[in-house]
Protein chains: 2
Amino acid sequence: MKGKIFIIEDEASIVQLVQHNLEKEGYVVSSSLNGNEGLKELKKFEPNLLLLDWMLPDLSGIDICKNIRRDSNFKSLPIIMLTAKGEEEDKIKGLESGVDDYITKPFSFNELSARIKAVLRRSDPKVVANELIFDDLKLNKIEKRVFRADKEIQIGPTEFRLLEFFLTNPKRVYSRDQILEIVWPNNVNVESRTIDVHIRRLRQSINIEGKKELIRTVRSSGYSLV
Amino acid sequence: MKGKIFIIEDEASIVQLVQHNLEKEGYVVSSSLNGNEGLKELKKFEPNLLLLDWMLPDLSGIDICKNIRRDSNFKSLPIIMLTAKGEEEDKIKGLESGVDDYITKPFSFNELSARIKAVLRRSDPKVVANELIFDDLKLNKIEKRVFRADKEIQIGPTEFRLLEFFLTNPKRVYSRDQILEIVWPNNVNVESRTIDVHIRRLRQSINIEGKKELIRTVRSSGYSLV
DNA sequence: TTAATTTGTAATATTTCTGTAACATTAAGA
DNA sequence: TCTTAATGTTACAGAAATATTACAAATTAA
């Protein structure tokens with residue numbers, strides 16, 4: 001499933017068109033033709049994104065928007081506003097009331113689809129890259145290669161896993177226990193001091209003269225990539 | 001500071017106009033007139049948002065965008081694309097290459113400002129939770145870093161815990177016994193006067209000349225952050 | 001099998017942190 | 001003003017944490 005999308009829009013023809021096409025693209029879609037109803041259904045449905053009409057018979061889009069932003073469960077629900085008006089004033093109000101994007105009717109389904117993708121991409125950052133980059137350090141997961149400043153670097157398997165681990169969460173400080181837990185194969189018993197030695201080896205490999213140290217020691221806490 | 005914004009745009013007049021107005025609104029702004037240069041400067045500047053021209057003399061906006069998205073430090077940097085073209089095709093490409101929003105030239109500064117606010121609002125609520133902020137003092141729990149007026153400060157583990165403690169309840173006055181109880185590991189026996197020394201060390205570290213004292217002594221009661 | 005590489009540990013060196021004591025200064029009441 | 005209790009400051013000796021090195025066992029490559 002690509003994601004769940006909820007639509008609140010009173011023009012049935014638009015709902016039908018959009019819902020049909022989105023479902024064809026693999027989304028799970030639900031909708032409501034009115035504001036108050038829609039708010040309730042939406043909270044049950046728990047969508048990943050909301051398409052919201054600006055002008056509704058009962059509630060204005062802005063009111064709905066504000067209601068949603070006040071609910072801690074939906075504070076960060078991405079919202080794309082559908083508006084018939086082209087006036088800039090309205091656009092600004094919409095954006096300021098906490099909308100992530102808007103699109104003016106009539107719109108092509110292609111453009112809507114692209115905007116949905118863009119907004120969704122930001123809201124869940126699942127990363128499928130096989131290259132991890134940090135500063136001038138680059139690690140290729142499938143080729144098992146490491147580069148510093150475009151120069152390839154040789155490191156052993158353990159140091160590779162260690163570096164890969166650091167690269168998935170740069171800047172964050174990890175304790176030796178956490179590092180052991182994740183970088184070493186399950187249920188191995190190694191001294192926690194052993195990590196110091198591997199850190200040293202990794203440092204020696206990735207440090208190029210003149211370039212700054214990349215692994216930071218945080219006394220009493222652990223290590224991090226900076 | 002509201003945030004740091006970087007601009008990559010080759011029309012100097014636009015840069016000037018936008019930069020000036022954004023600075024008036026309280027942002028810290030830096031800019032570059034060309035793509036390759038801009039990329040480098042941007043990574044030094046570490047902005048919270050990028051305004052990126054679609055058509056540049058050397059690199060296309062999309063290329064820049066892709067480059068940024070591959071670098072783990074800037075994976076989630078919000079980008080707003082500035083485009084002269086109105087064609088829908090371009091818009092779609094832009095959105096799909098990982099841009100968060102776009103705006104078509106010529107645009108009013110009001111609209112740009114509203115879009116910036118909207119995009120910034122969404123960006124990275126995770127980071128915020130890890131940070132304790134009081135006045136111009138900032139402590140990042142998972143990166144184990146402390147800043148005063150945006151300048152990083154080195155402090156030892158005990159001073160870090162002490163400051164973290166004060167930051168979770170600013171203004172409140174704590175007795176030495178309470179501080180001992182919470183900041184020191186269980187069942188340690190340390191003289192209560194020892195705290196005075198750590199307070200002194202903390203004060204020395206976080207005090208910048210010209211800036212006001214942040215730790216207040218309450219005679220016969222204890223200390224607090226003010 | 002042999003050679004080369006990798007790995008974990010222990011021993012040692014180095015760095016940084018911590019608590020305390022001794023002395024200095026300050027604040028507040030008599 | 002003097003006295004006294006509380007807090008500020010400083011220096012220093014262990015203590016604790018980390019860095020470095022060397023080496024033997026284990027693993028892998030040749």
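To find a chain, count down the sequence lines: A is the first, B the second, and so on, and within it residues start at 1.
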Quiz item: Is the distance from OP1 or OP2 of dT6(C) to the nearest side-chain N or O of Thr158(A) less than 4.0 Å?
Solution: no
Under 3.5 Å, which protein N or O atoms sit close to an N or O of nucleotides 25-27 of chain C? Give each pair with its distance.
residue	atom	partner	partner atom	Å
dT26(C)	O2	Arg219(B)	NH2	3.2

Quiz item: Ile155(B) has an atom CD1; how far is it from atom P of dT16(C), in whole Å?
Solution: 16 Å
Quiz item: Can you tell which of dT21(D), dT18(C), dA19(D) lies closest to the side chain of Arg200(A)?
Solution: dT21(D)
Quiz prompt | dT20(C) OP1/OP2 closer than 4.0 Å to side-chain N/O of Thr194(B) | solution = yes
Practice problem: Give a yes or no on whether a donor-acceptor pair under 3.5 Å exists between the nucleobase atoms of dG8(C), that is its base, and the side chain of Arg201(A). | Solution: yes
Quiz item: What integer distance in Å separates Ile215(A):CD1 from dA19(D):P?
Solution: 10 Å
Practice problem: Specify the residue among Val218(B) and Val218(A) whose closest nucleotide of DNA chain D lies further upstream toward the 5′ end. | Solution: Val218(B)
Quiz item: Side-chain N or O of Arg176(B) less than 4.0 angstrom from OP1 or OP2 on dA6(D)?
Solution: no
Quiz item: When all nucleic acid strands are considered with a 4.0 Å heavy-atom cut-off, which category describes Gln154(A): base, sugar-phosphate, or nothing?
Solution: nothing
Quiz item: Does Gln16(B) CD have over 12 foreign heavy atoms under 6.0 Å away?
Solution: no
Quiz item: To the nearest angstrom, how far is Gln204(A) atom CD from dT20(D) atom C1'?
Solution: 9 Å
Self-check item: Ring centers of Tyr174(A), Phe165(A) separated by less than 6.0 Å
Solution: yes
Quiz item: Are Ser113(A) and Glu25(A) linked by a side-chain donor-acceptor pair shorter than 3.5 Å?
Solution: yes
Quiz item: Hey, is the side chain of Trp184(B) poking within less than 4.0 Å of OP1 or OP2 on dG19(C), counting only N and O atoms?
Solution: yes
Practice problem: Could you tell me whether Lys43(B) and Asp135(A) make a salt bridge, using a distance below 4.0 angstrom between a side-chain N and a carboxylate O? | Solution: no
Quiz item: Under the 3.5 angstrom rule, does the side chain of Asn140(A) hit a backbone N or O of Arg145(A) as a donor-acceptor pair?
Solution: no
Quiz item: At under 4.0 Å, does any side-chain N or O of Tyr223(A) touch on OP1 or OP2 of dA17(D)?
Solution: no
Self-check item: Ile195(A) CD1 to dA17(D) P, straight-line distance once rounded to whole Å
Solution: 15 Å
Practice problem: Return the value, rounded to whole Å, for the distance between atom CZ of Phe160(A) and atom P of dT5(C). | Solution: 19 Å
Exercise. Take the protein atom CG of Asn207(B) and the nucleotide atom C1' of dT9(D), then report the distance between them rounded to whole Å.
Key: 15 Å
Quiz item: Within this structure, what is the CZ-to-C1' distance between Arg193(B) and dG19(C), rounded to whole angstrom?
Solution: 12 Å
Exercise. Establish, for the pair Lys4(B) and Tyr27(B), whether the NZ or CZ atom is under 6.0 angstrom from the six-membered ring centre and no further than 45 degrees off its axis.
Key: no
Quiz item: Which of these nucleotides, dT18(C), dT9(C), dT18(D), is closest to any side-chain atom of His198(B)?
Solution: dT18(C)
Practice problem: Would you mind checking if Arg203(A) and Glu213(A) are paired as a salt bridge, meaning a charged N to carboxylate O distance below 4.0 Å? | Solution: yes
Practice problem: Rounded off to whole Å, could you give me the CD-to-P distance for the Glu191(A) and dA11(C) pair? | Solution: 11 Å
Self-check item: Nearest-nucleotide pick for Asp196(B), side chain only, options being dG19(C), dT7(D), dT9(C)
Solution: dT7(D)
Quiz prompt | Gln154(A) CD: over 12 foreign heavy atoms closer than 6.0 Å | solution = no
